[in-house]
2 protein chains.
Amino acid sequence: MPGGRPRAFDPDVALDRALEVFWRQGYEGTSLSDLTGAMGINRPSLYAAFGNKEELFVKALDRYISGPGAFADEALAAPTVREVVERLVEGAIELTAGTGTPHGCLSVNSVHACGPDSAPAREAAIACRMAGEAALRRRFEEAPDLPPGFDPAVLARLVHTVTDGIAVQAASGHTREELREVAALALRTLLPA
Amino acid sequence: MPGGRPRAFDPDVALDRALEVFWRQGYEGTSLSDLTGAMGINRPSLYAAFGNKEELFVKALDRYISGPGAFADEALAAPTVREVVERLVEGAIELTAGTGTPHGCLSVNSVHACGPDSAPAREAAIACRMAGEAALRRRFEEAPDLPPGFDPAVLARLVHTVTDGIAVQAASGHTREELREVAALALRTLLPA
DNA sequence: TCAGTTCTGTATCGTCCGGTATGAAACTAG
DNA sequence: CTAGTTTCATACCGGACGATACAGAACTGA
């Protein structure tokens, strides 16, 4: 029972590099050469470690959700409905228009990978999005401070719609400060303090 | 001075077919074979009539704006700020989640075509979006009924953010009815009647 | 030392990509 | 009918795509 030749790269950092490329260029806009170049490995190593382009994307998406996108789950623990929404919106702005990371949202981006060969990546992104929206709805359903006349499911969908819109605006060049103004107006009209 | 062999296809119809393909599959997800197949013409005819893939996309985007997307300009003529917003949001829902057309928004979709070869298409989409947002801002700047405490530029950006979000939601499978509930909540909190 | 195993590097596979050369077909003007 | 012009249809271009075969290198256990 042997050990074999050891890996010359760290799969975790390689996956982080892959995530960064998918985030910046989208699933359809990213080639294997882009990936191997950024990951610092060659093709057979990529296939041995991550399967293929689709599986690598799914792994990168998981890492995106549990890394840069972790604020979304954490926000649900905030004590009030307003704070939950506030932290979600602010987190979305930081995620999609912050410094040091590509502009836009990997998940929103991947929803728009609708070419014939991109169905698996697209469906993985949609599944993530549905799960996030369902969690937000459940949070509102159990909220004693939900304002009267607010349907939990509709509010969750509206918040999700606004964060999606923020991601699109960030991807098309709006700055963090511009989006903060938008978020402030949305918050003060939707849930006056 | 001659006439030459007459065209065997109607360029307007062919452009509409191309628009439909770009709308459904995105710029990066659409190949020339997809286009020629849907347009019912062959490659040299496409190049002679429309230039190349990029130029064809820009022409299709123009048609999208002046056709299915014409509600956006028309909405600006509504008498009140609230009606302008109402018509924009309802038009966005109909455009992106209506029947008989692909789900999602061509312009929002194209913002996410961020591969190395898609820069021209992406920039054309962004230019369209900026022009639309600027027109909305000017409409609000000249509105006597703008509620106090509302910055015209920020309101325009927020409305645009919501319509962008609606497009993303539609692209990821939400129905027209679900989005109507979202729009109703957004409207009644943002601009109470 | 050497068989057994795993990874690396190169070179390549077949396919599809966007784009075009070429020649026949279909028209107009004389 | 012919010359000139434009479009159509086929067949093809070089290159990039995602994915892999293969051989040598680097390790473990005996």
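By convention in this document, chain letters (A, B, ...) are assigned in the order of the sequence lines, proteins followed by strands, and residues within each chain are numbered from 1. Note that the coordinates shown come from a computational prediction; the quantities given were computed from them, not determined experimentally.
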(message) Under the rule for side-chain contact (heavy atoms from CB on, under 4.5 Å), what residues qualify as partners of B:Pro11, not counting sequence neighbours?
(response) B:Arg7, B:Phe9, B:Phe50
(request) Could you list who else is in A:Val13's hydrophobic cluster, with ILVMFWY side chains joined at under 4.5 Å, directly or through other members? (result) none
(message) Tell me which pairs pass salt bridge (Lys or Arg N to Asp or Glu O under 4.0 Å) where either residue lies in residues 108-124 of chain A, with sequence neighbours left out.
(response) none
(request) Could you check whether the rings of A:Phe57 and A:Tyr27 sit parallel, tilted or perpendicular, using 30° and 60° as the cut-offs? (result) perpendicular
(message) Could you tell me how far apart B:Asp117 (CG) and C:dC17 (C1') are, to the nearest whole angstrom?
(response) 10 Å
(request) Please identify each residue that fulfils salt bridge (charged side-chain N to carboxylate O under 4.0 Å, His left out) with B:Glu74, with sequence neighbours left out. (result) none
(message) Among residues 18-38 of chain B, which ones have heavy-atom contacts with DNA chain D below 4.0 Å?
(response) none
(request) Taking side-chain contact (heavy atoms from CB on, under 4.5 Å) as the test, write out the residues that go with B:Pro44, two or more places apart. (result) B:Asn42
(message) Does anything in residues 39-58 of chain B come within less than 4.0 Å of DNA chain D? Heavy atoms only, and list the residues if so.
(response) B:Asn42, B:Pro44, B:Ser45
(request) Applying side-chain contact (heavy atoms from CB on, under 4.5 Å), name anything that partners A:Pro120, two or more places apart in sequence or on another chain. (result) A:Glu54
(message) B:Tyr64: which residues meet the ring-ring contact (aromatic ring centres under 6.0 Å, His included) condition with it, sequence neighbours left out?
(response) B:Trp23
(message) Tell me the interatomic distance from B:Arg5, atom CZ, to C:dA26, atom P, rounded to whole angstroms.
(response) 6 Å
